[in-house]
Number of protein chains: 2
Amino acid sequence: MRKNAKFDRDQVVDKATNLYWEKGFHATSMRNLQDVIDMRPGSIYATFGSKEGLFKEALIRYTEQSLALLQACRRDAASPIEGLKRFIKKIVIDSQTNAPNGMCMLAKTVAELGDENAELLAQAKQSLQRLEGEFEVLIADAQAIQEVADTKSAHELARHIQIQISGLRVYAKTHGPEAPLDSLIDDLFLHYPF
Amino acid sequence: MRKNAKFDRDQVVDKATNLYWEKGFHATSMRNLQDVIDMRPGSIYATFGSKEGLFKEALIRYTEQSLALLQACRRDAASPIEGLKRFIKKIVIDSQTNAPNGMCMLAKTVAELGDENAELLAQAKQSLQRLEGEFEVLIADAQAIQEVADTKSAHELARHIQIQISGLRVYAKTHGPEAPLDSLIDDLFLHYPF
DNA sequence: TACTACTTTGAACGATCGCTCAATTTTATC
DNA sequence: GATAAAATTGAGCGATCGTTCAAAGTAGTA
């Protein structure tokens, strides 16, 4: 008696995420999205409710992908800090060329949106805090194996890492490939506060 | 034989800058601008050419104001580094409540725009580099009076400051007033690489 | 005061925006 | 194969977008 959706929701959200990530919320039109995800307006609105609804889902997808990447980096690396370093190089350096946009989609959203899109703004902030929390877990793991001195506060170190990532991504976008990003990231863990 | 413009161009550009700064390029409509600067479309287009033309002028105005603020901070402070620190506190902490937007308008623009607005993007990048250059001058001055060890590279220290400012502003927007911004900024100059 | 070069006005253009919904198509069930 | 519930379509809604331009207004010169 019922007909199931024929589109692959994950694929659709992925494509929408990449477009939103590339162009930002306001510069992405529903018609852009219709083309990219190959759905007609009625289907999109039946499924996601609104442009904001789809964007929110995109933010959540982006966050899941970022957390998965962090876990993958940690798994492939010899230690927690090596994993964290690998993650940072991936998102700061590789995403300048591979990704839809060199900037973090969450930071971009926090920068772009205001009170008129309070729910999206709150989602982006929460996701950034979630990522920072994962950094803290990784750093605590590093302290447990004496890779990082446990006299330091994992919470403060995670905050420091979060600030460095945001700063480096803006810097990379501003200065292009000439910026010595690789050594800047290596230096992160060689000096204070580490 | 000629009639002079009756509006005050500086005031107009100031108001446009504040609106663009608050809302970003795409979310600001010409009708928003018409209201805020109290000019009719024909006058705006005769004077600035296009929405992009006015935004470019706003970017330049914002940059001039930032440079002026940096000079004022330096003048009012006891030393170059104290002046730089005062500047950073003003733009990272005070502008969370005083300014149209807690984010740097230039970083916001670099994050928002893509190749479709190449000229504006280039202007924003250039302005960010200009500011970084002024940081370097200030740091070199500090080295000349032994406030900073001259074994360090003023260029690299300026880059470090630029990265910290971008990172801190995103962090401040994400975490609100609970973030210990004041002590984070004090710490900037107490530890590596200073 | 009349002239004229310049500025300012605001209605309105075509394009596009986010979104709706009646009509159609599809498919699981009996 | 008939039925009906759900999914999909796409024309098109009203609003707003950036922009134009003929007309009206204004001020410096003669």
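In what follows, every heavy atom counts, from backbone to side chain, and hydrogens, waters and symmetry copies are set aside.
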> Are A:Ser127 and A:Gln123 linked by a side-chain donor-acceptor pair shorter than 3.5 Å?
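A:Gln123 and A:Ser127 do have a side-chain donor-acceptor pair below 3.5 Å.
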> Angle between the two end axes of the helix from C:dT1-D:dA30 to C:dC30-D:dG1, five base pairs per end, rounded to 10 degrees?
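Both end axes considered, the difference amounts to 0°.
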> For a 4.5 angstrom cut-off between non-hydrogen side-chain atoms, does B:Arg159 reach A:Pro180?
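Contact flag for B:Arg159/A:Pro180 side chains = yes.
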> Rounded to the nearest Å, what distance is computed from the CD1 atom of residue A:Ile44 to the P atom of nucleotide D:dG10?
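One finds 13 Å between P of D:dG10 and CD1 of A:Ile44, rounded.
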> Nearest whole Å is fine: how far is D:dT8 P from A:Asp8 CG?
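It works out to 12 Å between those atoms.
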> Evaluate the side-chain proximity of B:Thr109 to B:Tyr20: yes if any heavy-atom separation is below 4.5 Å, no if none is.
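Answer no - side chains too far apart.
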> Treat primed atoms plus P, OP1 and OP2 as sugar-phosphate and everything else as base, then score nucleotides 11-18 of chain C 5' to 3': B for base contact with protein heavy atoms under 4.0 Å, S for sugar-phosphate contact only, - for none.
BB----BB
> Side chains of A:Ser79 and A:Arg74 only: does a donor on one sit below 3.5 Å from an acceptor on the other?
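A:Arg74 and A:Ser79 do not have a side-chain donor-acceptor pair below 3.5 Å.
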> What's the CD1-C1' distance between B:Ile37 and D:dG18, to the nearest Å?
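About 14 Å, once rounded to whole Å.
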> Under 3.5 Å, is there a donor-acceptor pair linking the side chains of B:His26 and A:Glu112?
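Judged by distance alone, the side chains do not pair up.
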> So, do B:Ile139 and B:His155 sit near enough that their side-chain heavy atoms are less than 4.5 Å apart?
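B:Ile139 does not reach B:His155 side chain to side chain.
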> Linking I/L/V/M/F/W/Y whenever their side-chain heavy atoms sit closer than 4.5 Å, directly or via other members, would A:Val170 and B:Phe87 fall into one cluster?
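No, no single cluster joins them.
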> Donor-acceptor check, side chain of B:Trp21 to backbone of B:Lys108, threshold 3.5 angstrom: yes or no?
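Looks like no, no N/O pair under 3.5 Å.
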> Can you check the B:Gln34 CD to D:dT19 P distance for me, whole Å?
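Atom-to-atom, B:Gln34 to D:dT19, this comes out as 11 Å.
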> How many Å lie between CZ on A:Arg40 and C1' on C:dT24, as a whole number?
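One finds 14 Å between C1' of C:dT24 and CZ of A:Arg40, rounded.
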> Have B:Gln65 and B:Asp14 got a donor and an acceptor in their side chains that come within less than 3.5 Å?
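The criterion, which ignores hydrogens and geometry beyond distance, is satisfied for B:Asp14 and B:Gln65.
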> Separation of A:Phe55 atom CZ from C:dC19 atom P, in whole Å?
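Those two atoms, CZ and P, are 14 Å apart.
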> Between C:dC19, D:dT8, C:dT8, which nucleotide has the shortest distance from any of its atoms to the side chain of B:Ser43?
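Within the option list, the nearest is C:dT8.
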> Round to a whole Å and report the spacing from CD of B:Glu116 to C1' of D:dC17.
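Those two atoms, CD and C1', are 17 Å apart.
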